[in-house]
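Down below is the structure, laid out as structure tokens.
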Amino acid sequence: MAATPIILDCDPGIDDAIAILLALASPEVELLAITTVVGNTSLANATQNALNVLAWAGREDIPVAAGESVAIGPPNDIPWNDAIGVHGETGLDGAELPRAASAIVDEHAVDLIARTVLARPGEITLVATGPLTNVALLLERHPDVAPALRDLVIMGGSLAGGNMSEYAEFNIWCDATAAAQVLDAGLEPVVVGLDVTRQATLSEADVHALEELPVLGPGIHGMLLFYLQKHREWHGKNAVQQHDSLALSWVIDPTLLVLRPLALGVDASDGPARGETYVSDQPAAAVTVRWAIDLHAARFRELLLERLAALAAAR
Ligand code: BDR
Ligand code: CA
């Protein structure tokens, strides 16, 4: 079967970096470009991290374009400093990646996505693993892109409590206005929220075993160990959640997730429920998303570990 061409819009971020590696390692997908957005770290850090991960994996040929450094809001100030405790000062703490010699392309993220998608109508899947600021701007600036996308996959939201606030998941909370615009755009995206990503974990033993991989092992181990320590501090659990690579894995193998069409709302206020995602209680509410209600966690873990090992062996 032909590989599905994808563009990854992300904010690397440790689990975003693992998603990039999973994409590079998977013959079922062809990573056409990476676009970056503020979220887990500043836009400058996220963009440099994307370049560094690609160079480290030997794929400087994949273009990287920078997107938005502030949320559509309000408020517009994505507090990426808050995420330092999760992903570290650089956004990829724990890994000492060499600085890439490559540079970003001279095009805004949303213009690169639009140009690429419109050149291959109906073929390209956009996978968004950061705040939805770039995606909202894409839909506004380039209205012809929505019908030309093959699919939109989003890591974000929760129906079972948040990780940024009691109610809200981080990506949606960061730019709830953008998220509401994207979810209401009629695209019926696949939305992979905390309900399932919290169960997509690697154990401490998995993280240590990854250190043995050639070339990429020490970096993967270092960043995941940093992330694991943060998970221990929050939940007291020796397991590290792989939010973004689970979302990406739907493109690799859609049977890893169980989806249910539903009408998902977003609280786009700036009140205490900002960023909360909920199922609309209107009887006639139109379906807006394909929501991930369940996953095959063991198969996902096997896939991720096997693909990281294959990528490292090929370096
Ligand atoms: C999401 O927030 C970020 O910290 C992760 O990269 C992931 O995309 C999980 O809530
Ligand atoms: Ca992310």
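Numbers here are sequence positions counted from 1. Whatever order the structure lists them in is the order used to number ligands and atoms, beginning at 1. In what follows, every heavy atom counts, from backbone to side chain, and hydrogens, waters and symmetry copies are set aside.
For Gln241, the closest heavy-atom approach to ligand 1 does not fall below 4.0 Å.
Contact atoms of ligand 1 toward Glu169: 1 (C), 2 (O), 9 (C), 10 (O) (distance under 4.0 Å to a heavy atom of the residue). Close contacts of ligand 1 with Asn163, meaning ligand atoms under 4.0 Å from a residue heavy atom, involve 9 (C), 10 (O). Distances below 4.0 Å separate heavy atoms of Thr129 from the following atoms of ligand 1: 8 (O). Less than 4.0 angstrom separates some heavy atom of Asn40 from each of these atoms of ligand 1: 3 (C), 4 (O), 5 (C), 6 (O).
Take the Ca ion (ligand 2) as the corner point: the lines to OD1 of Asp16 and to OD2 of Asp244 open at 70°, to the nearest 10 degrees. The OD1 atom of Asp11 and the O atom of Thr129 meet at the Ca ion (ligand 2) at an angle of about 90°, given to 10°.
More than 12 heavy atoms of other residues, nucleotides or ligands sit less than 6.0 Å from atom CD of Gln229. Shown here is Arg260, whose CZ atom has no more than 12 heavy atoms of other residues, nucleotides or ligands within 6.0 Å. When the shell of 6.0 Å around CZ of Phe226 is examined, it contains more than 12 heavy atoms from other residues, nucleotides or ligands.
Judged purely by atom type and a 3.5 angstrom limit, Ser203 uses its side chain to pair as donor or acceptor with the backbone of Asp206.
The Ca ion (ligand 2) does not have Asp15 among its coordinating residues (no N/O/S atom, backbone or side chain, under 3.0 Å). Coordination check, Met155 versus the Ca ion (ligand 2): failed, since every N/O/S atom of the residue sits at 3.0 Å or beyond.
In this structure, His221 and His208 have tilted ring planes: the angle between them lies in the 30° to 60° band. Between His87 and Tyr227, the ring planes are tilted. Angles from 30° to 60° get that label.
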Practice prompt. Check the pair Gln242 / Thr197 against side chain to side chain contact (heavy atoms under 4.5 Å, CB included), numbers first and verdict last.
Written response: CA-CA 6 Å; Gln242 303 300 314; Thr197 67; over 6 Å; no
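The N/O atoms of His243, backbone and side chain alike, include none that comes under 3.5 Å of an N/O atom in ligand 1. Of the polar atoms of Asp11, none of the N or O atoms is found under 3.5 Å from an N or O of ligand 1, judged by distance alone.
Neither the backbone nor the side chain of Met164 comes within 4.0 Å of ligand 1, counting heavy atoms alone. Looking at Thr197 against ligand 1, nothing comes within 4.0 Å, counting heavy atoms.
When the options Leu51, Ile220, Ile20 are evaluated for a side chain to side chain contact (heavy atoms under 4.5 Å, CB included) with Trp56, the one that passes is Ile220.
By the 4.0 Å N-to-carboxylate-O rule, Glu233 lies close enough to Lys230 to be salt-bridged with it.
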